[in-house]
Amino acid sequence: DFDGATGATSAKGGEYAGDWKKDVEFLNKVNEYAKQKNIKASDLLSVMASESGLEASKVNPKSGATGLIQFTKQTAEGLGTSLDELSKMSRSEQFEYVKKYLEKGGLKEGATAGDIYAQVYLPARKDRDILSKQGENYYEANKDLDIGKKGYISKEDLQKRSESKK
C-alpha cells in the first residue's frame with residue numbers, strides 16, 4: 001500500500017479528483033504496468049508524487065513542464081501530444097503517456113525507484129550513478145534533488161527522494 005502525497009487534483013475533476021487514492025482506474029493502470037515490468041507500483045507512484053504530487057495538471061512555473069512526471073514541451077511533442085492536452089487529462093489518461101515515455105526510454109524490467117526517477121529526470125544519463133554536477137544546467141535547475149548538498153545529483157539521491165514520498 002502506498003501512503004505518499006495527498007491532496008492532488010486532476011484537471012478533469014470528477015468524483016475522485018482530490019484524492020488519488022480513490023482513483024481506481026488510475027491505480028489499476030499503475031498496478032498493471034508495474035506487474036508487467038516487474039517493478040513496484042509504489043516506486044512508480046512515488047516518482048510521480050515527487051514530480052507533481054500526483055496532480056496531472058501540475059505546471060512548473062519556471063519551466064512550463066506539466067503533469068505527473070513533468071513532461072517538457074519537447075517530450076510531449078515526441079510522444080504525439082502537447083503540454084496543453086496533457087494538462088487537460090485525468091491521471092488515468094495521462095498515465096498512458098507516462099508508460100509510453102518510460103517504454104520509449106527503455107525502462108528495464110525490475111527497475112528500482114532510482115532507475116525510474118533517473119529516466120524521468122535525465123534520460124540520456126539514466127545509466128550513470130552521478131547524473132549531474134554543480135555548474136551544469138541540469139543540476140542548477142534541480143539542486144533540491146541533491147540530498148546532503150554534495151554538489152552532484154546521484155541515482156541514490158533520486159532513490160531517497162522517491163522513498164521519502166512513500
>> Any non-hydrogen side-chain atom of Tyr138 less than 4.5 Å from a side-chain atom of Leu131?
In response: no
> Rounded to the nearest 0.5 Å, how far apart are OG of Ser52 and CD1 of Ile69?
Replying inline: 9.0 Å
> How long is the gap from CD on Glu55 to CD on Gln70, to the nearest 0.5 Å?
Replying inline: 9.0 Å
>> If the threshold is 4.0 Å, N to carboxylate O, is there a salt bridge linking Lys99 and Glu103?
In response: no
>> With rounding to the nearest 0.5 angstrom, report the OG to CD distance, Ser90 to Glu25.
In response: 6.0 Å
>> Going by side chain to side chain contact (heavy atoms under 4.5 Å, CB included), name the residues that satisfy it together with Gln159, two or more places apart in sequence or in a different chain.
In response: Thr112, Ala113, Glu163
>> Test of understanding: with side chain to side chain contact (heavy atoms under 4.5 Å, CB included), list the residues that count as partners of Gln134, not counting sequence neighbours.
In response: Tyr139, Glu140
>> Checking Lys29 against Glu96 for the salt bridge (charged side-chain N to carboxylate O under 4.0 Å, His left out) test, could you report, in this order, the C-alpha distance in whole Å, the side-chain angles of both residues, the deciding distance, and whether it holds?
In response: CA-CA 8 Å; Lys29 284 185 177 189; Glu96 293 302 316; 3.1 Å; yes
>> Take a 6.0 Å sphere around NZ of Lys133 and say whether it holds more than 12 heavy atoms from other residues, nucleotides or ligands.
In response: no
>> Salt bridge or not between Glu136 and Arg125? Use side-chain N to carboxylate O under 4.0 Å.
In response: yes
>> I'd like to know if Glu77 pairs up with Lys73 as an ion pair, taking the criterion as any Lys NZ or Arg NE/NH1/NH2 lying under 4.0 Å from an Asp or Glu carboxylate oxygen.
In response: yes
> Between Asp84 and Lys88, is the closest basic N to carboxylate O distance under 4.0 Å?
Replying inline: yes
> If you round to the nearest 0.5 Å, how far is CD1 of Ile153 from CZ of Arg128?
Replying inline: 13.0 Å
> Are Leu102 and Leu158 connected in the hydrophobic side-chain network, where two residues link if heavy atoms are under 4.5 Å apart?
Replying inline: yes
> Any sub-3.5 Å donor-acceptor pair from Gln94's side-chain atoms to Ala56's backbone N or O?
Replying inline: yes
>> Less than 4.5 Å apart, side chain to side chain, heavy atoms only: is that true for Lys160 and Glu156?
In response: yes
> Does Tyr101 have Lys104 sitting over its ring (NZ/CZ under 6.0 Å from centre, angle to axis within 45°)?
Replying inline: no
> Is any side-chain heavy atom of Met48 less than 4.5 Å from a side-chain heavy atom of Phe95?
Replying inline: yes
> Are side-chain heavy atoms of Phe71 and Leu79 found at a separation under 4.5 Å?
Replying inline: yes
>> Run Asp157 and Arg161 through salt bridge (charged side-chain N to carboxylate O under 4.0 Å, His left out) and show every step you take.
In response: CA-CA 6 Å; Asp157 289 329; Arg161 166 82 178 222; over 6 Å; no
> How many angstroms lie between CG in Asn60 and CG in Leu83, if you round to the nearest 0.5 Å?
Replying inline: 11.0 Å
> Got Ser50 and Tyr117 here, is their nearest side-chain heavy-atom distance under 4.5 Å?
Replying inline: yes
> Are Tyr152 and Leu145 linked, directly or through other ILVMFWY residues, by side chains that come within less than 4.5 angstrom of each other?
Replying inline: no
> Ser87 and Ser57: which non-hydrogen atoms are nearest, and at how many Å?
Replying inline: O-CB, 3.5 Å
>> Whether Lys166 and Asp43 form a salt bridge (side-chain N of Lys/Arg under 4.0 Å from carboxylate O of Asp/Glu) is what I want to check.
In response: yes
> What is the distance from atom NZ of Lys126 to atom CD of Gln119, rounded to the nearest 0.5 Å?
Replying inline: 4.5 Å
>> Apply side-chain contact (heavy atoms from CB on, under 4.5 Å) to residues Leu68 and Arg91 and explain how you reach the verdict.
In response: CA-CA 7 Å; Leu68 294 170; Arg91 281 183 290 268; 4.0 Å; yes
> Does the side chain of Leu45 reach to within under 4.5 Å of the side chain of Val30, using non-hydrogen atoms?
Replying inline: yes
> Can you tell me if NZ on Lys35 sees more than 12 non-hydrogen neighbours from other groups inside 6.0 Å?
Replying inline: no
>> Could you work out, with side chain to side chain contact (heavy atoms under 4.5 Å, CB included) as the rule, every residue matching Ala111, not counting sequence neighbours?
In response: Ile39, Leu107, Lys108, Asp115, Ile116
>> Can you tell whether the side chains of Asp129 and Lys155 come within less than 4.0 Å, N to carboxylate O?
In response: no
> Are Leu54 and Val59 co-members of a hydrophobic cluster defined by side-chain heavy atoms under 4.5 Å apart?
Replying inline: no
